[in-house]
Number of protein chains: 2
Amino acid sequence: MLSDVMEDYLKAIYQLQRETDDRIKTSEIAEELDVTSPTVTSMLDKLEDRELVDREKYRGVTLTDEGETVALEIVRHHRLLEAYLTEHLDYDWSEVHAEADRLEHHISEDFEARVADALGEPEVDPHGSPIPSADLEPPTRPEGKSIAEFEEGTVVTVAEVADRDPEVLSYLAEHGVEPGVELEIIEIAPFGMVTARSSEADDPVSLPESVASHVWVAAPAEPEA
Amino acid sequence: MLSDVMEDYLKAIYQLQRETDDRIKTSEIAEELDVTSPTVTSMLDKLEDRELVDREKYRGVTLTDEGETVALEIVRHHRLLEAYLTEHLDYDWSEVHAEADRLEHHISEDFEARVADALGEPEVDPHGSPIPSADLEPPTRPEGKSIAEFEEGTVVTVAEVADRDPEVLSYLAEHGVEPGVELEIIEIAPFGMVTARSSEADDPVSLPESVASHVWVAAPAEPEA
DNA sequence: TGCCGAGTTTAGACGGGTCTAACCCTAAAG
DNA sequence: CTTTAGGGTTAGACCCGTCTAAACTCGGCA
């Protein structure tokens, strides 16, 4: 049996791996989980003993297949919960993350199945993030780009908003930046700030690079304009 | 902040207190929580430090008002969850206990409020047990008797089935013993076994004293027959 | 090639929750 | 009033997850 904390580490490594595609360093995990580096090192020892991570001392870790499966299970729980809370308990898009973070470790397989069923086996959560399937096969990374990578003047459709900060999410929602909306990229400043107009809002919104890079657009099936 | 484990102890003490109305002894708590006596003693030290229990060494504990409030909060969570799982996620009456036991420590005030709202502020859970109100005032103990305390031939209405064992609950449900049904007491054997016929089942059912004592009947408002 | 700094790991401590073994108190029986 | 059995508490150990302080490694730069 794995502890909640171990699950958190595996999930963190998984998510960092999705972002960087490289070995994950101690300090990155420490940052992500808000603990010190030695704490991470000792946990990595334990995860290595259980063959949940591959490790090279001083050079970071990657998940083993088994570790990845565990991480996917937790991510599935998390995203199903987010979807359920918004659909059936009237939570706002921006509020669900913290609640799901606490609950994700404590639901049974049975609960997971019932929630998935109640939602009709959804494929994405309210932020547009893909929900791992019940078989926990590693999803192929969907192609996609952040809105910061487009030319000024382009109109794109938001697929995913990968931020977790509720304040940021509220702000984005207020300014019409949510999965599904169309965004016209108005300006990309030299320091990375993106200004865009949403189909759902009157005024344009400006987002610093750190936020804009979390707003993703699905790679279009090359609509031969 | 209280740990999950502390909450479990407070809840256990609360529930034992409902049953026995006396100081609760170390060994009773140990039994309830499936832990050894020294473990309970050391936990009681901590709860006493925090003024959540009143203690007399060698003679057991009672909850302080503050301890009772915490216990009521947990019980409220538990019973709301049980109600929600049966009403909205299609759980069976007999299955909800374990799931609620895990979740009860991890839901926010907000979640609690939304669940209560979705259910319409229910007053009892699926087992007929009263759900503490949101203000966490200690409920006055409802009058009531177990079916073992009636004369043979009496017809009673089941108000609460206070067992927690899913196997026992399944068995009872199969034989028509659930909150709301009418039960005709057919026989009370000298060793305490109760045989009764449910309005919801064809054949009578016999219950050993240990089970029968958990099947409660609300004290009727003395219907002057 | 050798040094240096950033980042990682080791060493050692601590609080939480649990255990077993040993000791001690309480209350009931004589 | 004394004994004793049963149960409660103390003592001491262990694992978990965390920390700080100190030692070490890697890789870039002189």
Side-chain angles (χ1 to χ4, degrees), chain A residues 1-17 19-63 67 70-71 74 101-102 104-106, chain B residues 1-14 16-17 19-20 22-63 67 70-71 74 101-102 104-106:
Chain A
M1 243 346 38
L2 264 48
S3 69
D4 298 358
V5 178
M6 282 180 173
E7 291 180 350
D8 279 330
Y9 278 82
L10 293 172
K11 179 178 131 189
I13 295 167
Y14 177 80
Q15 276 164 346
L16 290 166
Q17 229 163 206
E19 285 167 24
T20 73
D21 223 357
D22 206 357
R23 303 189 77 80
I24 304 305
K25 292 186 295 176
T26 302
S27 53
E28 295 178 82
I29 301 169
E31 162 89 2
E32 178 76 15
L33 296 177
D34 199 24
V35 295
T36 61
S37 291
T39 302
V40 175
T41 298
S42 75
M43 182 52 94
L44 292 180
D45 289 341
K46 288 169 202 158
L47 295 175
E48 192 182 17
D49 283 348
R50 297 188 186 224
E51 297 183 12
L52 295 164
V53 299
D54 276 327
R55 186 144 175 244
E56 270 184 73
K57 286 248 161 117
Y58 293 98
R59 332 187 83 118
V61 291
T62 58
L63 293 176
V70 174
I74 305 303
D101 248 7
R102 269 177 290 106
E104 65 189 5
H105 304 293
H106 304 288
Chain B
M1 244 342 43
L2 265 53
S3 68
D4 299 358
V5 177
M6 283 180 173
E7 291 180 351
D8 279 331
Y9 278 82
L10 294 172
K11 179 177 131 190
I13 296 166
Y14 176 80
L16 290 166
Q17 231 163 205
E19 285 167 24
T20 72
D22 206 359
R23 302 188 79 80
I24 304 305
K25 293 185 294 177
T26 301
S27 54
E28 296 178 82
I29 302 169
E31 161 91 1
E32 177 76 14
L33 295 177
D34 198 23
V35 114
T36 61
S37 291
T39 302
V40 174
T41 299
S42 76
M43 187 73 230
L44 292 179
D45 288 342
K46 288 169 202 160
L47 295 175
E48 192 183 17
D49 284 351
R50 298 189 186 224
E51 298 183 13
L52 295 164
V53 300
D54 276 328
R55 184 144 175 245
E56 270 185 73
K57 284 248 162 114
Y58 293 99
R59 332 187 83 124
V61 291
T62 58
L63 292 176
V70 174
I74 306 303
D101 248 8
R102 268 177 290 107
E104 64 189 5
H105 304 294
H106 305 287

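Throughout, protein chains are lettered first and strands after them, A, B, ... in sequence-line order, and every chain is numbered starting at 1. Only a predicted model underlies this, so the values are computations on that prediction, with no experimental measurement involved.
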For [X], which contact category applies under a 4.0 Å heavy-atom criterion: base, sugar-phosphate, or nothing?
X	answer
B/T39	base
B/S42	base
A/T26	sugar-phosphate

Candidate nucleotides D/dT10, C/dT9, D/dG8, ranked by approach to the side chain of B/K25 - the nearest: D/dG8

Nearest-nucleotide pick for B/P38, side chain only, options being C/dT18, D/dT10, D/dC19: D/dT10

[X] [atom1] to [N] [atom2]: how many Å, rounded?
X	N	atom1	atom2	value
A/R55	C/dT10	CZ	C1'	11 Å
A/I24	C/dG7	CD1	C1'	15 Å
B/E7	C/dG17	CD	P	11 Å
A/M43	D/dC19	CE	P	11 Å
B/L33	C/dG17	CG	P	13 Å
B/E56	D/dG7	CD	P	19 Å
B/R23	C/dT26	CZ	P	13 Å
A/L44	D/dT18	CG	P	12 Å

What closest approach, in Å, do [X] and [Y] show between heavy atoms, and which atom pair accounts for it?
X	Y	answer
A/L52	A/V70	CD2-CG2, 4.3 Å
B/S37	B/A30	N-CB, 4.1 Å
B/L2	B/R50	CD1-NH1, 3.6 Å

Of residues 46-54 of chain B, the positions that come close to DNA chain D - non-hydrogen atoms, cut-off under 4.0 Å: none

Residue pair B/L33, B/V40: steps toward the side-chain contact (heavy atoms from CB on, under 4.5 Å) verdict: CA-CA 9 Å; B/L33 295 177; B/V40 174; 5.9 Å; no

Earlier contact from the 5' end, DNA chain D, for B/V40 and A/S3: B/V40

A/T36 vs A/R59, nearer the 5' end of DNA chain D by closest nucleotide: A/T36

Under a 4.0 Å N-O cut-off, is there an ion pair linking [X] with [Y]?
X	Y	result
B/D54	B/R23	no
B/K11	B/D101	yes
B/R102	B/D4	no

At less than 4.0 Å, is any side-chain N or O atom of [X] found next to OP1 or OP2 of [N]? Yes or no.
X	N	result
B/K57	C/dC24	no
B/S27	D/dG8	yes
B/Y58	C/dC23	no

A/L16 backbone acceptor or donor facing A/E19 side chain under 3.5 Å: no

